[in-house]
Each structure stands twice: as C-alpha cells, then as structure tokens.
Amino acid sequence: EAGVTQSPTHLIKTRGQQATLRCSPISGHTSVYWYQQALGLGLQFLLWYDEGEERNRGNFPPRFSGRQFPNYSSELNVNALELEDSALYLCASSPREVPGYEQYFGPGTRLTVT
Amino acid sequence: QKEVEQDPGPLSVPEGAIVSLNCTYSNSAFQYFMWYRQYSRKGPELLMYTYSSGNKEDGRFTAQVDKSSKYISLFIRDSQPSDSATYLCAMSVNTGNQFYFGTGTSLTVIP
C-alpha cells in the first residue's frame, strides 16, 4: 500500500511570493491534516480537511489556506511568504472510520523562504 | 505557557538501556495521548496511543498516562541503535480536534 506522498520535496521561494504544496493521502483515507514543523517549535497544526470541507484550523493567519479535491488529495497555499514561513510542512491522512489519532504522515515538503 | 512541554534532549544511551521519555501538559481536557517516532528526513510515524489514564504495552515500548499529574511517559526497554530518532508526544481533546505536539526528544542509542 502506497503511503502519503507530498510534492515537491523542496521548495525555495523569495519573500512575498506564493507557495503551493501538494499532498496525496493513502488510498481510502478521507481526512487530510497539514502541519508546520519549524526548528525548535515542534509540529504546529495548520488545517484539517475531510470530505472536501475544512473541519478545523490552527492558529495561523489567513494567508495559509488550502483545499481538498474530490479524490481527497489536498493543496496548501501560503501567500505573501515571510522568512519565518521557512519550515518542513507535513501532511497526514487518516481513514474516516478510524479515530483521528491514527494519522499517517508523509515525508514533508521543505520550504525555504529567502 | 505551552500546551505541551517536552524536554528536547538530546538523550544518549548505551545499547540495551531503558529509556524514559516524558511530556507534561496543561490542558486537563486532553483525553487522547500519542507517541510518534521521527527518523531524520522522514515524517513522524505513530508508535502508540492511549486513551485517558493508564498503561499500554507493545513489545519493548510502554506508554503511561497520569492525568492527575498531567504527565505522560514512554519507556523503551532493551534499546537498540535502530531506536535512534526523535520522539514526539501528541495529545488531543477529542479525535476530531487538533493535535498538540511536543517539540520532540532526540534519542541516540550507542552500540
């Protein structure tokens, strides 16, 4: 069974630009979660999508947004990039019938803002 | 005050040692407690979860939750070099709610 995949692996942007990160969940999983892992801060919850709807949002500004497509894949958009947005962005998926603690993580996208 | 506190380490132990990893938290509403392992350049993988208080054992790993003290632990027996990784605790109020992660403890097991 293929795991959660994320693309691109690395992304380098300059301040003020927009970044788009993509995630494909495990087949059959309907929920997708996005996290930011910045150095020294641990994983910070960003967004949770299920069945195409945004279900919950972490304490991040509106320039962090996303969506979930009918095939359950997801996209995270970060507008007006700031230097402190440099981090590893992790996507996780879980199946609907299993409690949300069973989150399976992808390898992440490393975003560098210069 | 952070929701979840975790000593970042690093922690270095000889092979075969018993490792104790700990997290404290401030929100008494947390009911679900998870431990994840993250190898370098990889995403976290779920090791164990517990609901409410008590102990749970899985092979060499034991997870403990003490809700009265707002303290959770992960014990690794007979530690192996392959256990070298960063260990993250996570917790949530409900399964549909957001997870709160600790910053992770870096563990190195020396052969």
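Convention: sequence-line order gives letters A, B, ...; per-chain numbering from 1.
A donor-acceptor contact closer than 3.5 angstrom is absent between the side chains of S74(A) and R67(A). Looking at S73(B) and N22(B), their side chains do bring a donor and an acceptor atom within 3.5 Å of each other.
Heavy atoms of P8(B) lying under 4.5 Å from chain A are absent altogether. Contact of R110(A) with chain B is not made at all, since no heavy-atom distance falls under 4.5 Å. Using a 4.5 Å cut-off between heavy atoms, Q6(B) does not touch chain A at all. Heavy-atom distances place no part of Q44(A) under 4.5 Å from chain B, backbone and side chain included. Using a 4.5 Å cut-off between heavy atoms, L90(A) touches chain B through its side chain atoms alone.
With respect to K13(A) and D85(A), no salt bridge is recorded, no charged nitrogen being found less than 4.0 Å from a carboxylate O.
Here the two rings, on H29(A) and Y72(A), have centers that are 6.0 Å apart or farther.
Of all the heavy atoms in L107(B) and D83(B), the pair that sits closest is CD2-O, 3.8 Å.
Most heavy-atom pairs under 4.5 Å with chain A: of the set T86(B), V4(B), T103(B), L88(B), this distinction falls to T103(B).
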